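Treat the numbers as computed from the prediction; the structure is a model and nothing was measured.
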Amino acid sequence: RANLDEMPGHPASLESLEELLVARRGYEELAEVLEAQAARVEPERAGALWARVAGLAEGPLDDVDRAVEAHRKVVEIDPEKVASLDALARIHRERGEAAAASRWLERRLAVAGEDERADLAMELGKALVDAGRADRAAEVLEKALADAPARQDLRDLLAEQYRALEAWEPLAGVLTASAEHAEDQETVLALVREAADLYRDALKRPAEAIPVLRKGAGLAPDDRAIKLQLAEGLQEAGELDEARALLTEVVDAFGRRRS
């Protein structure tokens, strides 16, 4: 330890002392030494020492508050330190502190690699929802979906936020997109019906439902309600010949069933 007094942060001395204290299970003493050394060395080396304190605090010391403080010291020195950003988000999430978790996840997402952005956006979206920030959750999910359009879980969570916000136009759009990606027929048809109803009832623009209703009619050619809504949209769009033909088809099918 005398070496550390003379040469703060001396790697060999720290390693020897750590081995000795760990063998004696002197974890508290080791953490105190590391904290004291971190205060005396340059920031780059201090960050590594604070990370070791955080590991001790989360592990054998079982002191979560101390771990949070140590991880915060790490990211003060290196704002892009992934391990500490992840740890801070995880700890606050486990404590049920959604607002705090979301703040760290925002920072984590900002430094994420391309292959992890969608998963982090999903995690952040959930934290923001739990924190009562559906509007920000929608923004995060929209951006993530633009980069990962095949992620149906992102789209489902985004749709929930639009419903909560009563944002009918973007909800109709995300439901239409979901109908293109969903694989189960009943799920697709449920999405088609909800999107079409929004375009007709909430937005008063039934013609905009034509693409999604065409998909529904293709999957369920005997679904009278979908065909009638499609005919309504075609009429508004000025596609009168196709609308009349579709209505005639519906009437003929109804007549055949009655006979």
Side-chain angles (χ1 to χ4, degrees), residues 1-133 136-137 140 144 147-148 153:
R1 190 171 298 195
N3 285 348
L4 293 174
D5 290 336
E6 296 176 7
M7 296 179 291
H10 185 254
S13 299
L14 269 177
E15 185 177 343
S16 297
L17 182 59
E18 184 168 0
E19 288 178 2
L20 176 64
L21 292 175
V22 167
R24 294 188 344 211
R25 298 190 177 181
Y27 302 116
E28 175 61 37
E29 186 178 354
L30 175 57
E32 290 175 358
V33 168
L34 293 172
E35 289 169 342
Q37 290 294 298
R40 298 182 62 193
V41 299
E42 64 273 16
E44 292 77 7
R45 297 170 68 193
L49 295 173
W50 282 116
R52 288 158 74 179
V53 173
L56 288 168
E58 284 198 76
L61 293 176
D62 193 23
D63 186 341
V64 178
D65 288 336
R66 193 173 189 175
V68 168
E69 182 60 27
H71 282 302
R72 289 177 68 96
K73 294 279 190 183
V74 174
V75 296
E76 284 173 11
I77 294 166
D78 182 357
E80 298 185 4
K81 192 67 174 179
V82 165
S84 286
L85 292 172
D86 283 341
L88 286 162
R90 171 177 47 77
I91 290 169
H92 286 296
R93 186 173 61 247
E94 290 172 352
R95 286 174 154 183
E97 298 165 352
S102 66
R103 287 194 292 272
W104 292 112
L105 285 166
E106 290 269 17
R107 291 181 59 172
R108 177 66 176 88
L109 182 58
V111 299
E114 186 174 348
D115 61 339
E116 56 185 355
R117 283 181 197 145
D119 288 338
L120 282 166
M122 187 68 181
E123 191 176 349
L124 173 56
K126 290 177 179 177
L128 287 164
V129 171
D130 291 342
R133 299 186 59 201
R136 176 58 186 152
V140 168
D147 296 330
D153 56 341

Expected list for residues 69-81: side-chain donor-acceptor pairs under 3.5 angstrom, two or more places apart:
{"unit_1": "H71", "atom_1": "ND1", "unit_2": "S84", "atom_2": "OG", "d": "2.9"}
{"unit_1": "H71", "atom_1": "NE2", "unit_2": "E58", "atom_2": "OE2", "d": "2.9"}
{"unit_1": "D78", "atom_1": "OD1", "unit_2": "E80", "atom_2": "N", "d": "3.1"}

List the steps, then state whether side chain to side chain contact (heavy atoms under 4.5 Å, CB included) holds for L105 with L109. CA-CA 6 Å; L105 285 166; L109 182 58; over 6 Å; no
Between D153 and K126, does the salt bridge (Lys or Arg N to Asp or Glu O under 4.0 Å) criterion hold? Intermediate values first, please. CA-CA 11 Å; D153 56 341; K126 290 177 179 177; over 6 Å; no
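The 12-atom threshold is exceeded at CD of E42, counting heavy atoms of other residues, nucleotides or ligands nearer than 6.0 Å.
Residues L61 and E28 share a closest heavy-atom pair of CD2-N, 3.6 Å. V68 approaches L88 most closely through the heavy-atom pair O-CD2, 3.7 Å. Across A101 and H92, no two heavy atoms sit closer than the pair N-CB, 3.7 Å. Scanning both residues, P60 and G55, for their nearest heavy atoms gives CD-O, 4.1 Å. Contact detail for A121 and A144: the closest heavy-atom pair is CB-CB, 3.4 Å. Across every non-hydrogen atom of A98 and A127, the tightest pair is CB-O, 3.6 Å.
Considering CZ of R133 and CG of L124, their distance stands at 8.5 Å, rounded to 0.5 Å. To the nearest 0.5 Å, the span separating CZ on R108 from CD on E123 amounts to 9.0 Å. Rounding to the nearest 0.5 Å gives a distance of 9.0 Å between CZ of R93 and CG of D86. For the atom pair R103 CZ and L128 CG, the distance stands at 11.0 Å (nearest 0.5 Å).
The side-chain heavy atoms of V64 and E94, taken from C-beta on, include no pair separated by under 4.5 Å. Side-chain atoms of Q37 and R52, non-hydrogen and from C-beta on, never get closer than 4.5 Å to each other.
The salt bridge (Lys or Arg N to Asp or Glu O under 4.0 Å) check on R24 picks up E29, with sequence neighbours excluded. Among residues two or more places apart in sequence or in another chain, the salt bridge (Lys or Arg N to Asp or Glu O under 4.0 Å) test is passed with E32 by none.
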